[in-house]
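Computed from heavy atoms alone, side chains included, the values below leave out hydrogens, waters and symmetry copies. Along the sequence shown, residues are numbered consecutively beginning with 1.
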Amino acid sequence: MTNRWKSIGLAAMLAALTLSASYAEAAGVLTIGRREDSTTFDPIKTAQNIDNWVFSNVYDVLIRVDKTGTKLEPGLAESWTVSDDGLTYTLKIRDTKFSDGSPLTAEDAAFGLLRIRDDPASLWSDSYKVIDTAVATDAHTLTIKLKNPSAPFLSTLALPNASVISKKGMESLGAEAYGEKPIASGAFVVDEWRRGDRVILKKNPNFWEADRVKLDGVEWISVPDDNTRMLNVQAGELDAAIFVPFSRVEELKKDPNLNVDIDASTREDHLLINHAHGALGEKEVRQALDLAIDKKAIVDTVTFGQGTVANSYIPKGALYHYADNLQRPYDPAKAKEMLAAAGASDLTLNYVVRAGDEVDEQTAVLVQQQLQKAGITANLQKVDPSQEWDMLVAGDYDISVNYWTNDILDPDQKTTFVLGHDSNNNYLTNYKNEAVKELVAKARLELDPKKREEMYVNLQRMAKDDVNWIDLYYSPYINVSRKSIENFHQNPLGRFFLEDTVKN
């Protein structure tokens, strides 16, 4: 999923000035600097890392992805069985409570699954339409019946957006209030959300693994400017910060007070293309754009070698990644010829750029220069990132760089979202290919791993041929923390295991 929201200028200065006023000066409270503020704590209403990475420690899921990001393990479901026909899943729910002290039951788990399937506001309904029924056969037994066998189903139960929420709390508070201050099923409770500034979490004493949690609390603090955020950590005003600029890695490594953590990720940066805008609806024009961009130069110049050139929407190391997928060479002359043949020689594009984001701005300048060599004019429209996401959703752009990190182990979720989705315009691109959409649905149902892999190889080939977007590069998670902080890491899907983080 993506990460889109931050503000700059005055907000950055205010964040820096108010760090010292934090209640997090208390021992045992971890302060983490990030670019952006959360948007909601209603898990079905967001597809953004800025939300999921926080509420993954506010909510718990039925089944978790482990620290290695390679296998599933018990969460609120301590065990589960699957019927021989692959249609019935029976999960045993732990004897535990929500943060308000109310019992957490199979009825709550069923309610959440049906809500993510049926609620009109759900961004994730397609992945859960396979559920026929979800019922509590007793307080601690959840029985799910599927309409048909589904290879990725267990993985979808580990999606943070399918977290277990309180049925009683949601129905009594309403979705808006619950999304502001939820009843927690995870390690921490939302104590306060200061919009535009910080989210303050406190340890949840009713969490079923409360003894595992070492921290008293966590503050996620918005410091939009990358350099200011790094300086805050160096000065000891923050315990940790995420989204370390590539250009600062080597310098920060030399600071004896800091740890720079480089963790394996499923992140893929790509150039979004709005297929609904004029010539961009033509495949040959999009192919020309792909030829006109030098991905290796971006990796070398922007990521300082930390990234690797991407060749597929399924990232390297993820299930069914096709290593031999097409990589179009950098060939601006051929791109120019293709544009002429398509009647798009004078192509002018509106390139939306996040102001204040060092990497995004550097990439934009480089891509603009590369496109110019193919006769393409890219007008850079720098916007406050608080506006950018809404612009992309509204289709008010021609091209813009975005990124995605996987949320589940199976490729179905990302594939559905970016290639085979009816809502959200195939992840903002307005990409349409009925054959691709049909194959996405078939791959979800195929239980033979070899046949399924062949389907995803074909999907990667088809997406590359169509240029649904332009794959740019894969890169690791890069975070920084004070030496006094232990176990501050992400798994490849992005989850921070703050249950295990220690502040000395």
Stepwise side-chain contact (heavy atoms from CB on, under 4.5 Å) check, Leu154 with Ile63: CA-CA 8 Å; Leu154 281 176; Ile63 300 174; 3.5 Å; yes
Between Arg495 and Phe497, is NZ or CZ placed under 6.0 angstrom from the six-membered ring centre and within 45° of the ring axis? yes
Criterion salt bridge (Lys or Arg N to Asp or Glu O under 4.0 Å) on Lys283 and Asp465, from CA distance to verdict: CA-CA 8 Å; Lys283 179 167 70 173; Asp465 182 59; 3.0 Å; yes
With sequence neighbours left out, what residues match His489 under side-chain contact (heavy atoms from CB on, under 4.5 Å)? Asp261, Asp263
Assess, by modelled atom type and distance only, whether the side chains of Thr46 and Asp51 contain a donor and an acceptor separated by less than 3.5 Å. yes
Do Glu454 and Lys451 meet the salt-bridge criterion of a basic N to acidic O distance under 4.0 Å? no
Within-4.5 Å side-chain heavy-atom neighbours: Asp412 and Phe153: no
pair Val467-Arg328: side-chain heavy atoms closer than 4.5 Å: yes
Going by atom type alone, with no hydrogens or angles, which donor-acceptor pairs under 3.5 Å involve a side-chain atom of residues 334-341 and a protein atom two or more places apart or on another chain?
none

Are the charged groups of Asp300 and Lys296 less than 4.0 angstrom apart, N to O? yes
Does any donor atom in the side chain of Thr416 or Arg444 lie under 3.5 Å from an acceptor atom in the other side chain? yes
For residues Lys414 and Tyr427, determine if any side-chain heavy atom of one lies less than 4.5 Å from a side-chain heavy atom of the other. no
Test log, rule salt bridge (Lys or Arg N to Asp or Glu O under 4.0 Å), inputs Lys450 and Glu453: CA-CA 5 Å; Lys450 288 185 178 179; Glu453 180 173 14; over 6 Å; no
Calculate, to the nearest 0.5 Å, the distance between atoms CG and CG belonging to Leu472 and Asn311 respectively. 12.5 Å
Is any NZ, NE, NH1 or NH2 atom of the basic residue among Lys145 and Asp132 found under 4.0 Å from an Asp or Glu carboxylate oxygen of the other? no
Under 4.0 Å between a Lys/Arg side-chain N and an Asp/Glu carboxylate O for Asp37 and Arg195? no
Hey, is Asp118 close enough to Arg115 for a salt bridge, meaning N to O under 4.0 Å? no
Taking C-beta and beyond as the side chain, do Asp384 and Gln387 meet within less than 4.5 Å on heavy atoms? yes
Charged N to carboxylate O under 4.0 angstrom, Glu192 versus Arg194? yes
Carboxylate-amine/guanidinium contact Lys295 Asp290, below 4.0 Å: yes
Can you find a pair of side-chain heavy atoms, one from Glu219 and one from Ile32, that are under 4.5 Å apart? no
Could you list all the salt bridge (charged side-chain N to carboxylate O under 4.0 Å, His left out) pairs where at least one residue sits in residues 469-479, not counting sequence neighbours? Lys464-Asp471
Using side-chain contact (heavy atoms from CB on, under 4.5 Å), reason through Asn468 and Leu419 one step at a time and then give a plain yes or no. CA-CA 8 Å; Asn468 68 301; Leu419 300 180; 3.6 Å; yes
Atom pair CD1 (Ile144) and OH (Tyr128), whose distance is rounded to the nearest 0.5 Å: 10.0 Å
Going by atom types only, do Asn433 and Asp466 share a side-chain donor-acceptor pair under 3.5 Å? yes
Side-chain donor-acceptor pair present, Thr68, Asp66, cut-off under 3.5 Å: yes
Selection residues 339-373 - residue pairs positive for ring-ring contact (aromatic ring centres under 6.0 Å, His included), sequence neighbours left out: none
4.5 Å side-chain heavy-atom contact, Phe417 and Asp407: no
Could you tell me whether Glu388 and Arg354 make a salt bridge, using a distance below 4.0 angstrom between a side-chain N and a carboxylate O? yes
Donor-acceptor pair between Gln460 and Ser312 side chains, under 3.5 angstrom: yes
When you check the side-chain N and O atoms of Gln490 and Asn479, is any donor under 3.5 Å from an acceptor? yes
Check whether any side-chain heavy atom of Thr348 lies under 4.5 Å from a side-chain heavy atom of Asp398, and answer yes or no. no
Under 3.5 Å, is there a donor on one side chain and an acceptor on the other for Tyr313 and Thr415? yes
Determine which pairs satisfy side-chain hydrogen bond (donor to acceptor under 3.5 Å, both in side chains) with at least one residue from residues 361-377, sequence neighbours left out, and list them in order. none
Could you verify whether a donor N or O on one side chain and an acceptor N or O on the other, from Asn52 and Ser56, lie under 3.5 Å apart? no
For Tyr178, check ring-ring contact (aromatic ring centres under 6.0 Å, His included) against everything at least two apart and list the hits. none
Could you report the tightest heavy-atom contact between Pro182 and Val58, atom names first, then the distance? CG-CG1, 4.1 Å
Contact between Ile478 and Val260 at the side-chain level, heavy atoms closer than 4.5 Å - yes or no? yes
Going through the distances and angles, do Leu349 and Ile376 end up as a side-chain contact (heavy atoms from CB on, under 4.5 Å)? CA-CA 8 Å; Leu349 301 175; Ile376 302 167; 3.9 Å; yes
Would you say the side chains of Tyr474 and Arg267 form a donor-acceptor pair under 3.5 Å? no
Do Asp269 and Trp404 meet the criterion of a side-chain donor-acceptor pair at a distance under 3.5 Å? no
Start with the C-alpha distance between Asp410 and Thr156, add both sets of side-chain angles, then the distance that settles side-chain contact (heavy atoms from CB on, under 4.5 Å), and finish with yes or no. CA-CA 8 Å; Asp410 196 277; Thr156 64; over 6 Å; no
Inspect the surroundings of CD in Glu180 and state if more than 12 heavy atoms from other residues, nucleotides or ligands are less than 6.0 Å away. yes
